[in-house]
Each structure stands twice: as C-alpha cells, then as structure tokens.
Asker: 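Once you've had a glance at the structure underneath, I'll fire off some questions.
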Amino acid sequence: MTLIHIVLLSTLSIPFMTLIPPQQRSQGLTILSIAVVAWLFAEDTLNNSDLLLLSITIGLVVLTWWIIKSPESNHTGFQQHIEIALPLLLIVLFGLFLGSVSIQFAITYVVIGVLTVGFATPKTAISNVNSRQLALFAVLGIIAILVILKAPPLAEISGFLVGWDASSLATASPLLWLGFSYVSFRLIAVLLDYRAGRLPKEGYALSDLVTYTLFFPAYTAGPIDRAQRFIPELQSAKSFDAAIVVEGFSRIAVGIFKKFVIADTLAIIALSPVLVEQTTTTTGMWLLVYLYALQIYFDFSGYSDVAIGIGRLYGIKLPENFDRPYLQRNIQQFWQRWHITLSTWFRLYFFTPFSRTMIRSQYDIPQWFIVLAAQMSTMILIGMWHGITLNFVLWGAWHGLGLFLHKMLADNTKSWYRKVQANTWSRRLMAGASVLATFHFVALGWVFFALPDFSMSLEVFGKLFVVSN
Amino acid sequence: MTQWDWLVKPEKPYSWTFARNVVIKAILLFIGVNVVYALVQPLPWLSQVTLYGTAFPARSRLPYADNPDVAYNVSLNPIEGLFASHILSESSTDDKYQIFIVGDSSVWGWLLDDTQTFDACINGRGVVDATGKPIKAYNLGYPSTNALKDLMIISEALQYQPDLIIWLVTLESLYDVDQTTHPILQNNAEIVLSLIDDYSISLNTEDLSSSNSILDRTLWGQRRELADWLRHQLFGIPWTHTHIDHVNPRFFRPAMENLPASEQVTNRAYLTPENLKDSLAIDVIQAGVQLTHEQDVTLLIVNEPILVSSGINSDKRYNELHPRWIYDRYRGLMLTEAEGNNWRYLDLWNAVPAEAFTDFPLHYNAEWTCNIAEEFLEALIASNLIVPLE
C-alpha cells in the first residue's frame with residue numbers, strides 16, 4: 001500500500017463506521033475488501049490478468065468455504081454470493097468502461113462467475129471423511145500454486161501463460177499474484193483447522209471467510225490472523241468510539257514514520273547488490289549490514305503498524321506482529337517477536353505436528369535429532385515461503401541452526417546460567433552480551449536474505465571478516 | 001507487556017474530547033512551527049551544518065546528481081550547502097597558492113571521476129607559485145552553462161581567499177534570457193539580486209523576484225531542500241566507502257558530428273548579427289572581473305573548448321549547439337571585451353580534437369582534460385604567476 005492508499009482508507013473509516021450500522025458492517029467490510037484489493041491489484045490500470053488473479057483468489061475462498069461447510073449448515077450463502085459477485089461485476093464493468101478489460105474476458109468472467117455461484121446450492125451429502133480429504137487436496141493445490149509462484153523458473157512460465165493482455169504475450173513475465181503468500185496461509189490454516197476439528201461445526205459464512213482472507217489492511221503483508229479469532233471479532237458489532245480513533249490513527253502515524261521516513265531513507269544506503277560491489281572496506285560492509293537490519297525491521301514493522309492501525313479504525317483488532325525483536329537475548333526469543341504471526345503459523349501447522357510425528361515414531365529417534373530436524377525444516381520452509389532460491393534456503397538454515405544450537409546450549413548450561421543470574425552485574429553483562437550476540441547473528445543472516453545469489457553473500461562475508469581499509 | 005501497552009492501555013480511557021484536543025494541538029503545532037520557520041529562515045545556516053570533513057571525507061566537487069540514489073550525491077540549491085561539504089571548507093590558506101576553477105559541467109567533470117578533472121590534473125602536476133608555495137587547485141564547477149551562476153559561486157568562493165580563479169565560459173553560458181531561470185539562482189535570489197544590483201548587470205530579474213512566496217519560506221515550502229540536505233548527509237556513508245559521486249554510464253550517445261543544416265541556435269531564432277551583442281550577458285563576466293579585482297584576486301577567463309566538427313554541414317555549424325556565424329561573432333565580441341577591459345583572457349575554443357569529445361560538445365575525455373589543464377598552467381607560467389618544479 002502506498003501513502004495515498006493509507007491516507008484514503010484511514011479517512012474512509014470515519015464515514016464507514018459512522019454511517020453504516022454495526023450490524024451491517026461485516027457485509028460492508030466484505031464489499032470494501034474486494035474493492036480495495038482490486039484497487040491494489042490494479043496499480044495503474046485494472047486489466048484482464050489482474051481481474052483473473054483476483055477472481056481466482058476469491059474462487060479459492062469459495063472452494064474453501066464449500067469444503068468446510070457442513071451439509072446441515074444454514075449458510076446457504078446466496079445473499080453472500082451477491083455481496084461478493086456484485087462488487088466484482090462492478091469492477092469488471094469499470095474495467096470495460098476504461099478499456100483496460102476486454103469484452104471477451106468480461107463475458108468469460110461472467111460465465112465463470114455464474115458457475116461459481118452454483119456453489120450456493122446446498123452441499124450435497126458428502127461424508128465428513130471425503131470433505132477432509134478434499135481439504136487435504138485443496139491444501140496441496142494451494143501449496144502447488146505457491147511453489148509455482150515462488151520458484152523463479154516456474155513463475156516465468158506461469159506469467160507467460162496467464163498474460164492475457166496482447167502486449168504482454170510477446171514476453172514472459174513473472175506472475176505477480178499480489179498477496180498470495182498471505183492468502184494461501186490463511187486458507188491453508190482454515191483447511192487444516194477443519195481437518196483437525198478446530199472449526200465451528202457449521203463452518204463460516206462465505207462473506208465472513210472472504211473478508212477474513214481479503215481483509216484489505218493485512219492483504220499484502222499481514223499480519224496473518226486465524227479465522228477462529230478474526231471472524232468472531234468481525235461479527236462483534238463495535239461502536240465507533242474515541243479509543244478506536246486514537247489507537248488507530250496513532251498506530252498508523254507511527255507506522256508511516258517507521259516505513260516511509262526511516263525505512264525508505266535507510267534503503268538508500270543499506271545492503272544491496274550494487275553497494276556490495278562498490279564497497280571495499282570492512283567498516284563500510286559492516287555498516288551496510290547494520291543498516292539493512294534496521295531497514296528491514298522498520299519497513300516490515302512499520303507496515304504492520306499501519307495494517308493494525310487501519311484494522312483498528314474499522315473495528316478489527318489484528319494480532320501483533322513485532323515486539324522489540326532486536327532487544328531479545330536469544331534467537332528463540334527473537335522468533336517469538338519477529339513476524340510473530342508467521343512463526344506462530346508455522347509452529348502450529350508444521351513444527352508441532354512434525355515434531356509430534358517424530359516423537360511418536362516407531363523408530364527410536366534421538367531427541368537432539370528431532371529438535372534439529374524440526375527446527376531446520378521449519379526455518380527452511382519459512383525461508384522458502386519468501387522465495388524458492390538457494391539464498392532463502394540458506395537464510396532459513398542459518399536460523400534453524402541457530403535455534404538448534406541455542407536449545408542445546410540452554411539445556412546444557414542451566415546451572416551455570418543460574419549462577420550468572422544470581423549476581424546483578426553478571427546478569428546485566430550477560431543480558432547485554434546476549435542482546436548484542438543475538439542481534440549480530442540475525443544481522444549476518446540477513447546477508448543471505450538481502451542478496452540475490454550465494455556468491456555475492458560469500459563476497460560480503462569475505463569483506464566483513466577479512467579486514468580491509 | 002508489549003511495546004504498545006502505553007497506547008492500548010491508557011491510564012484514563014480515551015474520550016472524544018481527548019481526540020479533538022490532539023487534533024487541534026497538532027494543527028496548531030504545525031502552523032506554529034511553519035510560522036516560526038518562515039520568520040527565522042534557518043535553511044542558510046542549517047545548510048552549513050555538515051558531517052563532511054568530520055564523519056565523512058569532504059567532497060572534491062560541488063554536490064550535483066541527476067540520479068541521486070546511484071550517484072550517492074544530491075543537487076543542493078542553497079549556496080551555503082554547496083560549499084559546506086566541499087573540500088574547500090576544510091582548507092587553510094597559509095601554506096599554499098589556491099586556484100579555484102569555476103565553470104559548467106566540463107569543469108565539474110561530467111563522465112569523469114573526480115580524479116580526472118582539471119583540479120586533479122593541476123594538483124598532480126607539482127607546480128609552485130612565484131614565491132615557492134605549492135599550488136592547490138579546487139573544482140568549483142557546477143553542471144549548468146550559466147555565467148550568472150558562475151558569478152554567484154565566485155562571490156561565495158571569495159571568502160575562502162583564492163589566489164587565482166580560472167573561469168571557463170562559453171557562448172552557451174551567456175544567453176541573457178537564460179541567466180535567471182536556473183533553480184540554483186532562484187533559490188539564492190537574494191545573493192543574485194544583490195550582485196546584479198551592485199554591478200549594474202542588465203538582466204530581467206522577474207524570475208528571481210517572484211520566486212520567494214510566503215509558502216516558499218515555510219517548513220512545508222522548503223521540505224524538499226531540507227530532505228535533500230538530510231539525504232546529502234546520509235550519502236556520506238556510501239561516498240566514504242565507495243568514493244562514487246557521479247554515475248558514469250558504460251555507453252553514451254556521442255556528441256553529434258553530422259549536423260543539421262540550420263544556421264540558427266535551437267530555440268533562438270531571434271538571434272541576428274545585429275542583436276547578438278545585446279543578447280549575450282557579457283556584462284556578467286565584466287562583473288566577475290570587477291568583483292575579483294576588488295578582492296585582489298587574479299582572474300583568468302578562458303573561452304572553453306568546443307567540439308569543432310568535420311562532418312556533414314560542418315561548413316555551417318561547429319557542432320549541434322553552435323552555428324559558425326554566431327560562434328565566430330561571439331569570439332570576436334569576447335576578444336574585443338577582453339582587450340577593452342584588460343581581462344586576463346585565454347581562448348581555447350578549438351584546443352581539443354573532435355574525437356576527444358564525449359556526449360556533448362563541451363565534454364571531453366580525461367586525457368584532454370589534463371591537456372587543457374596544461375594550457376592553463378602554461379598561461380600562468382607565461383604570466384609569471386607560477387613556476388614549474390624542476
């Protein structure tokens with residue numbers, strides 16, 4: 001979201017919350033979320049591929065809703081289908097009016113839309129087991145799309161295939177599916193929770209699920225909320241009071257300052273491929289690394305602040321995503337305070353089930369190996385969620401190794417640690433040293449994250465640790 | 001306890017009165033800060049605050065960049081800011097003969113590193129003045145062909161006590177209709193208007209008079225300048241560790257040698273042999289002569305080299321900028337003024353071969369930059385101002 005998006009959407013919250021009755025705000029948020037996401041997709045102009053991707057996104061939500069819906073549920077959804085179909089139809093008409101959407105696409109779109117609306121018919125009697133299998137297939141399908149998007153060679157091919165605009169057919173371009181990383185995780189969470197029996201029996205209303213998935217403040221960069229928390233929050237009609245206004249606008253102001261003032265300024269002089277090549281001194285290279293660590297924190301946490309602030313203005317309390325991560329004393333605490341919703345998601349849906357499976361395995365797997373395998377695989381997957389490249393894998397492995405070593409160290413130095421904690425000065429010294437060490441560990445890990453290839457990362461490490469002035 | 005408890009768990013619940021008071025106070029604060037700023041006008045002295053020379057090494061050229069993010073450089077407008085980060089600001093005058101070189105992008109060193117410019121060539125030459133003091137040259141070029149801009153820079157530079165100023169001028173820098181239009185002049189209007197007044201320069205000052213509205217004097221109105229000042233300080237970091245202050249492209253469009261058939265200067269069809277003298281701001285150069293004379297500073301005026309093409313239509317034009325008849329008349333005018341007003345004048349108009357020029361009829365390569373610097377030194381040696389070291 002740009003500054004203009006933020007200002008307009010923040011300002012829009014005032015008429016939205018004052019003019020729309022609380023009981024109808026959830027429907028209003030559904031329509032608004034679809035419209036805003038379409039706006040975010042469009043950037044300069046809404047074209048066929050933007051609409052297609054938006055529609056597929058909503059289609060995936062509809063599919064998810066249908067899978068988790070109980071046959072006995074009274075969420076027939078016809079009215080809700082209108083709430084979703086109507087804004088989409090208006091967007092198509094708007095695109096036709098502007099000339100950026102072709103008539104052929106519009107007709108195809110309407111046909112597909114009608115077919116999708118067919119899901120409004122009651123779910124046929126399909127056993128819960130089959131539904132749970134469908135949920136698994138859906139999860140695998142979403143993961144497959146994610147892999148295609150994240151692996152550069154596959155993304156290029158898919159971009160070419162989906163490039164409906166004639167001008168883009170001549171060249172293959174990477175498919176830019178705005179926000180899909182977050183959409184996919186929200187839907188996977190719902191499907192896995194459904195399989196685990198953690199969802200309400202009757203499922204959710206379609207419009208609520210659409211709002212949860214497309215909630216515009218958090219659409220492009222999180223936080224990743226859970227449906228069980230978000231939807232009841234959505235349903236609870238809130239009065240538009242001073243607390244909402246003060247908390248919302250304050251949070252937005254802080255976020256804007258962090259992202260657009262601090263982070264965007266640091267971006268000019270932080271670690272980048274160009275500066276890596278140009279910088280020859282050790283001091284300079286360390287400066288670049290430190291500045292990047294600060295830049296990525298202020299950028300991401302600032303954006304989360306804006307998202308949480310805008311959500312608050314619309315009556316939704318989104319979960320926190322950052323809590324002073326660079327002031328933590330070990331890597332485990334860091335990951336409890338950095339991109340909190342992502343690490344929580346992975347802990348819930350991968351780390352814990354994976355560890356449990358290994359623990360309950362018929363093979364006598366050593367404890368240390370379980371810890372190592374679980375932490376390494378979790379962190380590598382987190383790396384690959386950002387992009388399926390060697391550098392992201394290495395970044396994940398770096399943190400996985402750090403978590404493992406921290407666990408081994410912590411388990412084996414408990415008595416020594418207690419002695420250190422008993423004395424004020426040694427405790428303070430330990431705290432300071434731990435924070436510094438953790439920060440440097442994380443900062444060095446960012447070298448892999450920030451740069452496009454391994455050889456450049458090695459070049460950075462070479463300049464960092466071979467003194468040259 | 002999270003870092004946001006102060007916001008979401010206030011001691012007293014938020015009220016609409018509280019929210020209203022915050023908004024009112026914010027608006028009043030914003031207005032108040034802008035009013036105070038407009039009255040105090042801190043930009044000139046703030047521009048002198050710099051990390052260059054302390055946290056970062058000073059720059060050897062005046063700050064300028066078309067693409068700041070890759071050149072690690074910013075075009076600053078306040079004249080104080082231009083000099084604050086320059087190596088000149090940390091120089092002492094006692095033990096050396098200071099030569100300042102003023103002019104356009106050819107002096108600044110377009111498409112050259114700061115180790116390839118006139119000043120670098122002179123400093124590497126190893127010469128002393130007539131009293132035996134080593135010579136130190138400084139680059140005060142600024143990428144704009146504008147004599148009034150040069151005059152402004154000269155007037156500011158005099159506080160650093162040069163012994164000699166070499167001022168490169170050309171026809172392109174003297175069109176009177178262009179003299180007051182550059183942003184750097186409009187942003188330093190007071191200084192420029194004072195110079196115009198003091199030396200009775202006949203120019204239309206409308207562009208300068210209208211450039212300072214009330215809004216332009218506020219914090220809001222000067223936010224661009226303040227942002228540039230801050231960025232300029234931040235760029236000290238990559239400047240220190242990369243020594244990059246200018247992006248040299250690997251490929252550029254060379255200056256045209258096959259020329260259009262027109263015998264007019266582009267967009268200056270009004271120029272005729274009869275009105276050419278009145279259309280050139282040669283009195284700006286005369287003002288520079290007077291100004292430096294008052295401060296007892298030697299001024300060497302150089303008619304800088306231009307590309308002399310031998311391509312198509314080169315019988316009508318020297319290059320894409322200069323039809324032959326206009327440029328020849330200009331040279332004649334300059335010679336007449338120089339002789340009549342006793343200028344120390346050096347005409348190097350055709351001193352550089354066409355193949356040495358780069359992207360523009362005034363820009364040439366590093367080798368010929370040093371060759372032209374040699375010409376300066378030869379002229380100074382001939383005047384007994386300097387002597388070469390054996």
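Sequence lines set the chain letters: A, B, ... in the order given, protein chains first and strands last, and positions in each chain run from 1.
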Asker: Which pair of non-hydrogen atoms, one from B:Trp16 and one from A:Phe240, has the smallest distance, and what is that distance?
Answerer: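 Here B:Trp16 and A:Phe240 meet closest at CZ2-O, 3.2 Å.
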
Asker: Between B:Arg231 and chain A, with a heavy-atom cut-off of 4.5 Å, which part of the residue counts as in contact: side chain, backbone, both or neither?
Answerer: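 Contact with chain A involves the side chain of B:Arg231 alone.
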
Asker: Could you give the distance from OH (B:Tyr14) to CD (A:Glu247), rounded to the nearest 0.5 Å?
Answerer: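 If I round to the nearest 0.5 Å, the distance is 6.0 Å.
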
Asker: Please look at A:Asp241 and chain B and tell me whether the side chain, the backbone, both or neither of the residue comes under 4.5 angstrom of a heavy atom of that chain.
Answerer: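 A:Asp241 touches chain B through backbone heavy atoms alone.
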
Asker: Evaluate whether atom CD1 of A:Ile4 has more than 12 neighbouring non-hydrogen atoms of other residues, nucleotides or ligands under 6.0 angstrom away.
Answerer: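 Not buried by this count: 12 neighbours or fewer within 6.0 Å.
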
Asker: B:Trp45: what forms a ring pair (Phe, Tyr, Trp, His ring centres under 6.0 Å) with it, not counting sequence neighbours?
Answerer: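 Applying ring pair (Phe, Tyr, Trp, His ring centres under 6.0 Å) to B:Trp45 gives none.
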
Asker: Could you tell me which portion of B:Leu234 (side chain, backbone, both or neither) has an atom closer than 4.5 angstrom to a non-hydrogen atom of chain A?
Answerer: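 Contact with chain A involves both backbone and side-chain atoms of B:Leu234.
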
Asker: List the steps, then state whether side chain to side chain contact (heavy atoms under 4.5 Å, CB included) holds for B:Trp4 with A:Val254.
Answerer: CA-CA 11 Å; B:Trp4 293 104; A:Val254 171; 3.5 Å; yes

Asker: For B:Leu7, is it the side chain, the backbone, both, or neither that has a heavy atom closer than 4.5 Å to a heavy atom of chain A?
Answerer: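 Interface part for B:Leu7: both.
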
Asker: Can you say whether A:Leu291 sits under 4.5 Å from chain B via the side chain, the backbone, both, or neither, judging by heavy atoms?
Answerer: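 The side chain, not the backbone.
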
Asker: A:Glu277 versus chain B, heavy atoms under 4.5 Å apart: side chain, backbone, both or neither?
Answerer: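 Neither part.
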
Asker: Taking side chain as everything from C-beta outward and backbone as N, CA, C, O, which of these in A:Arg251 sits under 4.5 Å from a heavy atom of chain B? Side chain, backbone, both or neither.
Answerer: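 Its backbone and side chain both get close to chain B.
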
Asker: Just by modelled atom types, is the A:Phe322 backbone N or O under 3.5 Å from a matching donor or acceptor in the B:Gln3 side chain?
Answerer: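 Side chain of B:Gln3 to backbone of A:Phe322: a pair is present.
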
Asker: Which heavy atom of B:Ser15 sits nearest a heavy atom of A:Ala242, and at what distance?
Answerer: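 In this case the closest contact between B:Ser15 and A:Ala242 is C-CB, 3.2 Å.
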
Asker: Is it the case that over 12 heavy atoms from other parts of the model lie below 6.0 angstrom from the CZ atom of A:Arg329?
Answerer: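 Count not over threshold, so no.
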
Asker: If we check side chain to side chain contact (heavy atoms under 4.5 Å, CB included) with B:His241, which of these qualifies: A:Thr280, A:Ile269, A:Leu275, A:Leu287?
Answerer: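 With B:His241 as partner, A:Thr280, A:Ile269, A:Leu275, A:Leu287 yield a single side chain to side chain contact (heavy atoms under 4.5 Å, CB included), made by A:Leu287.
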
Asker: Got a second to check how far A:Thr279's OG1 is from B:Ile237's CD1, nearest 0.5 Å?
Answerer: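 It comes to 10.5 Å.
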
